[in-house]
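Note sheet for the following structure.
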Amino acid sequence: MAEQAQNLRNFIRKDRGHARVIAVTSGKGGVGKTSISVNLAISLAEKGNRVILLDADLGLANVEVLLGLNSIYNVQHVISGEKSMAQILVKGPGGVGVVPGTSGLSKLADLSVKARDNIMAGLKQLQERADFIVIDTMAGIGRSAVAFVVAADEVILISTPEPSAIIDAYGMLKTTYQKRDDAVVRLVVNMVLNKKQASLVYSKLSNAAQQYLGRKLSYLGMIPRDPRVSQAVMQSHPFCIRYPSSAAARSVKDIADRLINQRAVAGPGTDSFLRRFAQTFGIPSSA
Ligand SMILES: Nc1ncnc2c1ncn2[C@@H]1O[C@H](COP(=O)(O)OP(=O)(O)OP(=O)(O)O)[C@@H](O)[C@H]1O
Ligand SMILES: [Mg+2]
């Protein structure tokens with residue numbers, strides 16, 4: 001009986017160990033990655049999921065600033081081996097576990113083997129403890145930024161209706177597919193005036209994807225331009241908690257529902273994110 005209970009516990013642990021790793025990316029900076037990552041993570045947690053928000057964005061308006069958190073330890077302490085990933089996790093709003101970022105993440109390509117082992121072990125710990133890992137990435141196509149995008153199970157690509165954002169989103173899409181043939185990318189159009197404008201952006205990008213890359217781009221949703229977003233930022237509160245009935249909050253909740261209901265991948269193994277992440281840096285897959 002005791003043995004059975006143990007087996008059951010192992011089974012539950014194993015069964016719940018398949019965190020979906022979702023990278024939020026864009027070509028152009030300032031299009032809303034951090035705002036969307038934070039509020040999406042909270043919306044997923046509000047629906048009963050265990051969610052980790054990994055801050056891989058080293059811009060000024062990063063996850064910690066947006067949440068009014070002030071942590072002592074960050075990923076650098078995991079990389080150096082001083083702390084485990086569990087020890088640096090900060091409890092954020094809505095019960096989201098936040099992994100504070102560091103500029104060290106931008107130098108992933110130059111890390112020693114030991115340091116890379118440490119970060120790999122840390123990411124594995126996260127994957128075993130969460131249902132979703134949402135990664136707020138840096139804009140652009142630098143190697144470390146793209147590593148998370150290429151490794152993730154699913155990618156959310158953010159664009160706004162601005163032509164430069166659309167062009168750069170296409171560039172990011174192209175890079176992603178060049179590096180990973182079977183990437184699963186879905187578009188969110190942020191700061192739109194209305195649904196029609198969002199559809200137009202989607203048509204442009206999906207047509208270009210089809211014509212020049214031979215790929216389908218899926219549509220995940222849109223978020224209107226909403227003054228509540230910046231008002232909430234000023235108060236260091238996520239808008240979906242501070243202004244839950246705002247248009248932006250309702251849109252993010254719809255996106256969270258769609259994500260929960262439409263798993264975009266057939267069935268990622270627990271280790272597939274880690275394996276792809278390791279491959280990007282030439283680390284043996286057993287790491
Ligand atoms: N839907 C929206 N409506 C109004 N303002 C928005 C919306 N989404 C984001 N913003 C504002 O746009 C600015 C940039 O947002 P954010 O920092 O989330 O972008 P980012 O893509 O993470 O930027 P970076 O590339 O610098 O990391 C912020 O001031 C934010 O408040
Ligand atoms: Mg950001």
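All ligand and atom numbering here is 1-based and tracks the order in the structure.
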Taking only residues at least two apart or on different chains, which pairs with a member in residues 164-190 satisfy ring pair (Phe, Tyr, Trp, His ring centres under 6.0 Å)? none
Please name all residues satisfying salt bridge (charged side-chain N to carboxylate O under 4.0 Å, His left out) with Lys28, sequence neighbours left out, ordered by chain then number. Glu162
So, does Asn74 use its side chain to make a donor-acceptor pair with the main chain of Pro100 at under 3.5 Å? no
Do Leu173 and Leu157 have side chains that approach each other closer than 4.5 Å (heavy atoms only, starting at C-beta)? yes
Test side-chain contact (heavy atoms from CB on, under 4.5 Å) applied to Val99 and Asp55, Leu53, Leu126, the passing residue: Leu126
Hey, does Pro224 sit under 4.0 Å from ligand 1 if you only count heavy atoms? yes
Just heavy atoms, cut-off under 4.0 Å: does Asp136 contact ligand 1 by side chain, backbone, both, or neither? neither
Less than 6.0 angstrom from the centroid, inside 45 degrees of the normal: does Arg228 satisfy that with respect to the ring of Phe239? no
Before signing off on this row, confirm whether Arg225 and ligand 1 have an N or O atom pair separated by under 3.5 Å. no
From the Mg ion (ligand 2) out to just under 2.8 Å, does an N/O/S atom of Thr34 turn up? yes
Is there a polar contact, in the sense of an N or O pair closer than 3.5 Å, between Gly32 and ligand 1? yes
Hey, is ligand 1 close enough to Gly30 that some N/O pair sits below 3.5 Å? yes
Using a plain distance cutoff, I'd like to know if Gly29 has any nitrogen or oxygen under 3.5 Å from a nitrogen or oxygen of ligand 1. no
If hydrogens are left out, which of Met222, Gln231, Lys33 has an atom nearest to atom 21 (O) of ligand 1, that is, the closest non-hydrogen atom? Lys33
Does the side chain of Gln125 come within less than 4.5 Å of Ser84's, by heavy atoms? yes
Indicate yes or no: does an N/O atom of Ser26 lie under 3.5 Å from an N/O atom of ligand 1? no
Run down the list Val229, Thr34, Val63 and name the one with the heavy atom closest to atom 2 (C) of ligand 1. Val229
For ligand 1, the portion of Val233 having any non-hydrogen atom under 4.0 Å away: side chain
Regarding ligand 1, does Val31 bring an N or O atom to under 3.5 Å of one of the ligand's N or O atoms? yes
What part of Ala248 sits under 4.0 Å from ligand 1 if we count only heavy atoms: the side chain, the backbone, both or neither? neither
The single option from Thr137, Asp136, Asn62, Asn39 that satisfies side chain to side chain donor-acceptor pair (under 3.5 Å) with Thr34 is Asp136
According to the interplanar angle, ranging from 0 to 90°, do the rings of His77 and Tyr73 count as parallel (below 30°), tilted (30 to 60°) or perpendicular (above 60°)? perpendicular
For ligand 1, find out whether one of its N or O atoms is nearer than 3.5 Å to an N or O atom of Lys28. no
